[in-house]
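Each remark here refers to the structure printed beneath this line.
Read the numbers this way: they start at 1 and go in the same order the structure lists the ligands and their atoms. In what follows, residues are counted from 1 in the order of the sequence shown.
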Amino acid sequence: MERQLFDRVYEAVVNRETTYEGIYYTAVKTTKIVCRPTCRAKTPLAGNVTFYATLEEAVRAGYRPCKRCKPEENGPLRPDAVLAEQTDAIIEKRYREKLTLQLLADSLAISPYHLQRVYKQVRGYSPQEKTERVRLARAQKLLLESGDSIADIGGAVGYASPPHFTAWFCKRTGVSPTEYRNGHRGGATYDRK
Ligand SMILES: [Zn+2]
């Protein structure tokens, strides 16, 4: 965002004007909280503020919606959708790790049961399925665009054991990683269950 615009939006935040309500969201680096521009909480220092055009972007960048001004209310992002976005952000960042439901739930400070239920309700599939989709898309990209070995690619998407990676890849796509790389894409795409 260019300086002039930033100054104008920040000025509106200082004065709690409604000019940019629904247009920009105030993300505060020091607290990792995102607010409406009209939030009544103490005005953050300009140096700690980033303005986002959508709440989704702010949440993706790791900010939590403010409990006081509730930027998610009356908007497209319901709290459940916020949780799903936060889950996706963690998965997309940490898909190489052994990502259990427990670990995801711990990172979000909620129970595994609650996470599983809410995520499925919002997305229509489980966090585990999301993790596999992210891994498969990454593996397919690496197979086609890199010269890395099958073992290295497996390792890069969380499968330390090459046979395990190959078996999983076959199950999801109908072809082995080598066949996929050689142009036999099978009849399935990455979203096959
Ligand atoms: Zn707020």
Side-chain angles (χ1 to χ4, degrees), residues 1-135 137-138 157-158 191:
M1 179 184 269
E2 57 179 78
R3 190 74 226 174
Q4 253 184 331
L5 178 59
F6 181 94
D7 289 345
R8 220 174 321 138
V9 182
Y10 185 75
E11 182 74 19
V13 169
V14 171
N15 299 322
R16 280 136 169 109
E17 288 163 13
T18 55
T19 323
Y20 296 102
E21 177 77 34
I23 300 171
Y24 287 112
Y25 295 87
T26 319
V28 186
K29 283 167 211 158
T30 39
T31 54
K32 295 306 275 178
I33 284 177
V34 55
C35 283
R36 294 170 186 269
T38 50
C39 185
R40 296 275 149 198
K42 189 166 169 278
T43 306
L45 293 173
N48 295 329
V49 167
T50 308
F51 290 114
Y52 286 92
T54 67
L55 186 57
E56 285 91 335
E57 284 174 77
V59 167
R60 286 225 155 224
Y63 293 95
R64 285 168 194 269
C66 173
K67 292 226 164 65
R68 191 158 170 183
C69 64
K70 299 189 170 62
E72 74 279 13
E73 279 188 2
N74 305 317
L77 263 197
R78 294 167 296 121
D80 283 0
V82 170
L83 188 62
E85 284 287 335
Q86 289 173 329
T87 307
D88 285 351
I90 295 170
I91 291 172
E92 276 156 25
K93 201 165 133 200
R94 301 179 59 182
Y95 63 88
R96 289 172 197 81
E97 299 172 36
K98 196 169 171 9
L99 270 189
T100 59
L101 185 65
Q102 183 72 55
L103 191 147
L104 284 172
D106 287 349
S107 324
L108 295 159
I110 55 170
S111 80
Y113 171 80
H114 182 67
L115 172 60
Q116 179 84 353
R117 191 181 59 79
V118 169
Y119 188 92
K120 244 183 139 163
Q121 210 164 32
V122 174
R123 292 280 185 258
Y125 46 85
S126 68
Q128 176 62 34
E129 172 62 22
K130 168 69 181 180
T131 305
E132 295 206 16
R133 288 183 186 196
V134 169
R135 286 174 173 168
R138 181 76 190 141
V157 298
D191 60 2

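Under the salt bridge (Lys or Arg N to Asp or Glu O under 4.0 Å) criterion, the residue pairs touching residues 110-124 are Glu85-Arg123, Asp88-Arg123, with sequence neighbours excluded.
A cation-pi arrangement, defined by a distance under 6.0 Å to the six-membered ring centre and an angle within 45 degrees of its axis, is absent between Arg60 and Tyr52.
More than 12 heavy atoms of other shown residues, nucleotides or ligands fall within 6.0 angstrom of atom CZ in Arg16.
With sequence neighbours excluded, no residue forms a ring-ring contact (aromatic ring centres under 6.0 Å, His included) with Tyr119. Here Lys93 pairs with nothing under the side-chain contact (heavy atoms from CB on, under 4.5 Å) rule; sequence neighbours left out.
For the Zn ion (ligand 1), protein N, O or S atoms under 2.8 Å: 4 in total.
Pairing each heavy atom of Phe6 with each of Val49, the nearest pair is CE1-O, 3.6 Å.
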